[in-house]
**Student:** 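Pasting in a structure now, in structure tokens, and then I'll have a few things to ask.
Residue numbers start from 1 in every chain, and the chains themselves are labelled A, B, ... in the order their sequence lines are given, proteins ahead of strands. When reading the values below, keep in mind they use all heavy atoms of this one structure, side chains included, and skip hydrogens, waters and symmetry mates.
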Number of protein chains: 2
Amino acid sequence: MENVDGRYANMMKALGDEARIKIFVMLSKGEECACKLLDELSITQPTLSYHMKILCDSGLVEGRRDGKWMRYSLKAEVLAELIGFLSGIQ
Amino acid sequence: MENVDGRYANMMKALGDEARIKIFVMLSKGEECACKLLDELSITQPTLSYHMKILCDSGLVEGRRDGKWMRYSLKAEVLAELIGFLSGIQ
DNA sequence: AAAACACATTGACATTTATCGATATGATGC
DNA sequence: GCATCATATCGATAAATGTCAATGTGTTTT
């Protein structure tokens, strides 16, 4: 999966899930801790953790530890890349 | 799956596959018949048909019959919607 | 240092997905 | 009308995915 198409396919696969796209939209308001995301969604904590890993692996999201919490945020430049790729089509 | 997030999640799920994103990029050069797509990809004819259905169901692609052939093309306005949605994030 | 908190990882499981061979459908040409 | 070509559908199957309860890990609080 390490060609160009694969990279973008991977990003879109990451966003191709309703829970994850909701998370992504929430993060567009700014950095959020996992616990905050958790109580906006009807999923368990392990499931959230699973989705966050997929989002981070795609490159579209990053997390940092802040004491007990994990704070997640968008990587705007990666999203911009994806938008650029899609805009290049057509 | 009929809320807004679901609609875009569905589009990204459609593009979240390497074969389908390749198809999508091919279609960006203009309308193509299935047979042409088929010999650019290392998949069987039923598998291509399966992928085309997913792309069409997402709204990003449409097909029309032309005699024996099916000609597929991008729906640029739907792609533009998706790009607009992503651009609204961040 | 023990308890509590926030999150990640593991193992299990059901569902979905991608794939194929075989077959059906629809159009064209003879 | 029959053979052929292009595509879709069906049935089967293996692999990937999303989900959870249970448990592990790292951090803070008492």
**Student:** Please identify each residue that fulfils side-chain contact (heavy atoms from CB on, under 4.5 Å) with B:S49, with sequence neighbours left out.
**Tutor:** B:Q45
**Student:** What protein N or O atoms touch nucleotides 25-30 of chain C N or O atoms at under 3.5 angstrom, if any, and at what distances?
**Tutor:**
none

**Student:** Could you give the start and end, 5' to 3', of the contact zone on DNA chain D for chain A, using atoms under 4.0 Å from its heavy atoms?
**Tutor:** D:dT17 to D:dT28
**Student:** According to side-chain contact (heavy atoms from CB on, under 4.5 Å), who are the partners of A:C56, at least two apart in sequence or on a separate chain?
**Tutor:** A:V61, A:Y72
**Student:** Collect all protein-nucleotide pairs involving nucleotides 14-18 of chain C in which both atoms are nitrogen or oxygen and the distance is under 3.5 Å.
**Tutor:**
| residue | atom | partner | partner atom | Å |
| --- | --- | --- | --- | --- |
| C:dA18 | OP1 | B:D17 | OD2 | 3.4 |
| C:dA18 | OP1 | B:R20 | NH2 | 3.1 |
| C:dA18 | OP2 | B:R20 | NH1 | 3.2 |
| C:dA18 | OP2 | B:Y50 | OH | 2.7 |

**Student:** Who pairs with B:T44 by side-chain hydrogen bond (donor to acceptor under 3.5 Å, both in side chains), at least two apart in sequence or on another chain?
**Tutor:**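 Result, side-chain hydrogen bond (donor to acceptor under 3.5 Å, both in side chains) vs B:T44: B:T47.
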**Student:** Does anything in residues 32-40 of chain B come within less than 4.0 Å of DNA chain C? Heavy atoms only, and list the residues if so.
**Tutor:** none
**Student:** Can you find a pair of side-chain heavy atoms, one from A:M52 and one from A:I23, that are under 4.5 Å apart?
**Tutor:**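 Contact flag for A:M52/A:I23 side chains = yes.
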**Student:** Determine which pairs satisfy ring-ring contact (aromatic ring centres under 6.0 Å, His included) with at least one residue from residues 9-28 of chain A, sequence neighbours left out, and list them in order.
**Tutor:**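 Qualifying pairs: none.
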**Student:** List for me each residue that meets side-chain contact (heavy atoms from CB on, under 4.5 Å) alongside B:K22, sequence neighbours excluded, and say none if there are none.
**Tutor:**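 In terms of side-chain contact (heavy atoms from CB on, under 4.5 Å), with neighbours along the sequence ignored, B:K22 is linked to A:D5, B:E18, B:M26, B:L41.
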**Student:** Identify, with sequence neighbours excluded, every residue that meets salt bridge (charged side-chain N to carboxylate O under 4.0 Å, His left out) alongside A:E40.
**Tutor:**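 None.
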**Student:** Going by side chain to side chain donor-acceptor pair (under 3.5 Å), name the pairs with one or both residues in residues 56-68 of chain B, residues two or more places apart or in two chains.
**Tutor:** B:E31-B:R64, B:K53-B:D57, B:D66-B:R71
**Student:** State which residues pass side-chain contact (heavy atoms from CB on, under 4.5 Å) with B:I54; sequence neighbours excluded, sorted by chain then number.
**Tutor:**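 Expected list: B:A14, B:R20, B:Y50.
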**Student:** What distance do A:M12 atom CE and B:L82 atom CG have between them, rounded to the nearest 0.5 Å?
**Tutor:** 7.5 Å
